[in-house]
Amino acid sequence: QVELVESGGGLAQPGGSLRLSCAASGFTFSNYAMTWARQAPGKGLEWVSAISSDGRDTYYAESVKGRFTATRDNAENTVYLQMNSLKPEDTALYSCGTGWGLDSGYWGQGTQVTVSS
């Protein structure tokens, strides 16, 4: 069965960095675009980034453009989200999913990111 497991979240100071990972199994990872989304307390799910199946094309929400970078390693069935210059408003539960957007078929349980001094 499809499984997506995120890791790498935690507490970061404003201006700091974190690198999230999403390990995939149960499907042919290299055939799928992958999406990152986040949900802040009391808010809806927000699309953050998407990366094409071969990793050549990436897309970002305006709120994270220039600060976050999505990459993937198809040999390791893993997608990453490098988050730099973190802001308190980046605090959220971050999840990865298959496909390009919020209507992706499968989602992981998420990893919590908290940005606070």
Side-chain angles (χ1 to χ4, degrees):
Q1 69 279 17
V2 173
E3 187 172 23
L4 299 168
V5 180
E6 300 91 341
S7 61
L11 177 64
Q13 292 190 339
S17 298
L18 286 173
R19 188 194 194 203
L20 306 185
S21 299
C22 170
S25 61
F27 64 104
T28 306
F29 180 74
S30 59
N31 287 352
Y32 286 80
M34 295 294 293
T35 290
W36 285 98
R38 66 187 182 184
Q39 187 162 22
K43 295 188 177 181
L45 192 63
E46 177 190 13
W47 176 83
V48 172
S49 177
I51 184 168
S52 61
S53 59
D54 61 5
R56 294 181 180 178
D57 299 310
T58 52
Y59 303 90
Y60 302 95
E62 285 298 321
S63 59
V64 307
K65 196 173 291 184
R67 301 187 298 120
F68 290 11
T69 303
T71 58
R72 65 190 294 161
D73 184 339
N74 284 346
E76 295 293 329
N77 287 356
T78 302
V79 60
Y80 303 95
L81 186 67
Q82 177 67 43
M83 306 188 298
N84 299 329
S85 302
L86 284 164
K87 304 175 181 180
E89 52 262 44
D90 294 320
T91 295
L93 182 70
Y94 285 72
S95 300
C96 66
T98 57
W100 288 104
L102 297 182
D103 59 350
S104 299
Y106 298 96
W107 291 94
Q109 293 298 307
T111 185
Q112 179 66 39
V113 171
T114 301
V115 183
S116 175
S117 56

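Atom set for the values below is all heavy atoms of this structure, side chains included, hydrogens, waters and symmetry mates excluded. All figures in this text were calculated on a predicted structure; none of them were measured in a lab.
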Requested in this report: Answer yes or no: is there a side-chain heavy-atom contact under 4.5 Å between Thr69 and Tyr60?
Outcome: yes

Query raised in the report: Is Met34 reachable from Leu102 through a run of I, L, V, M, F, W or Y residues, each pair having side-chain heavy atoms under 4.5 Å apart?
Result: no

Query - Results of side chain to side chain contact (heavy atoms under 4.5 Å, CB included) for Ser85 - residues two or more places apart only - result: Arg67

Requested in this report: Could you tell me which non-hydrogen atom of Ala24 sits nearest to which non-hydrogen atom of Leu4, and how far apart they are?
Outcome: CB-CD2, 3.6 Å

**Report entry** Aromatic plane relationship, Tyr94 with Phe68 - under 30° parallel, 30 to 60° tilted, over 60° perpendicular
**Finding:** tilted

Let me check something: any side-chain donor-acceptor pairs from residues 108-117 under 3.5 Å, sequence neighbours excluded? List them with distances.
residue: Thr111; atom: OG1; partner: Gly9; partner atom: N; Å: 3.1
residue: Gln112; atom: NE2; partner: Ala92; partner atom: O; Å: 3.4

Query - Pairwise salt bridge (charged side-chain N to carboxylate O under 4.0 Å, His left out) hits with a residue in residues 3-19, at least two apart - result: none

Report task. Please list all pairs passing the side-chain hydrogen bond (donor to acceptor under 3.5 Å, both in side chains) test where one or both residues lie in residues 71-81, with sequence neighbours left out. Result -> Arg72-Asn74

Requested in this report: Answer yes or no: does atom OH of Tyr106 have more than 12 heavy-atom neighbours from other residues, nucleotides or ligands under 6.0 Å?
Outcome: no

Requested in this report: Give the minimum heavy-atom separation between Gly101 and Trp107, together with the two atoms involved.
Outcome: O-CZ2, 3.7 Å

Query - Sidechain-backbone polar pair: Ser21 side chain, Ser7 backbone, donor-acceptor under 3.5 Å - result: no

Query raised in the report: Got a sec, which residues hit salt bridge (Lys or Arg N to Asp or Glu O under 4.0 Å) with Glu89, two or more places apart in sequence or on another chain?
Result: none

Report summary line: salt bridge (charged side-chain N to carboxylate O under 4.0 Å, His left out) pairs touching residues 20-40, sequence neighbours excluded, are Arg38-Glu46, Arg38-Asp90

Requested in this report: Write out all pairs satisfying disulfide (SG to SG under 2.5 Å) with one or both partners inside residues 55-88, taking only residues at least two apart or from two chains.
Outcome: none

Requested in this report: Is it possible for you to say whether Leu93 and Leu11 belong to one hydrophobic cluster, with membership spreading through side-chain heavy-atom contacts below 4.5 Å?
Outcome: no

Query raised in the report: If you take all heavy atoms of Trp47 and Trp100, which pair is closest and at what distance?
Result: NE1-O, 3.2 Å

Requested in this report: Sequence neighbours left out, what passes ring pair (Phe, Tyr, Trp, His ring centres under 6.0 Å) with Phe27? Give chain and number order.
Outcome: Tyr32

Report task. With sequence neighbours excluded, tell me which residues meet side chain to side chain contact (heavy atoms under 4.5 Å, CB included) with Lys43. Result -> Ala40

Query raised in the report: What residues form a side chain to side chain donor-acceptor pair (under 3.5 Å) with Ser52, not counting sequence neighbours?
Result: Asp54

Query raised in the report: Which residues pass the side chain to side chain contact (heavy atoms under 4.5 Å, CB included) test with Gln39, sequence neighbours left out?
Result: Leu45

Query - Whether Ser53 side chain and Ala33 backbone form a donor-acceptor pair below 3.5 Å - result: no

Query raised in the report: With a 4.5 Å limit on heavy-atom distance, are the side chains of Trp36 and Ile51 in contact?
Result: no

Query - Set of side chain to side chain contact (heavy atoms under 4.5 Å, CB included) partners for Thr28, sequence neighbours left out - result: Ser30, Asn31

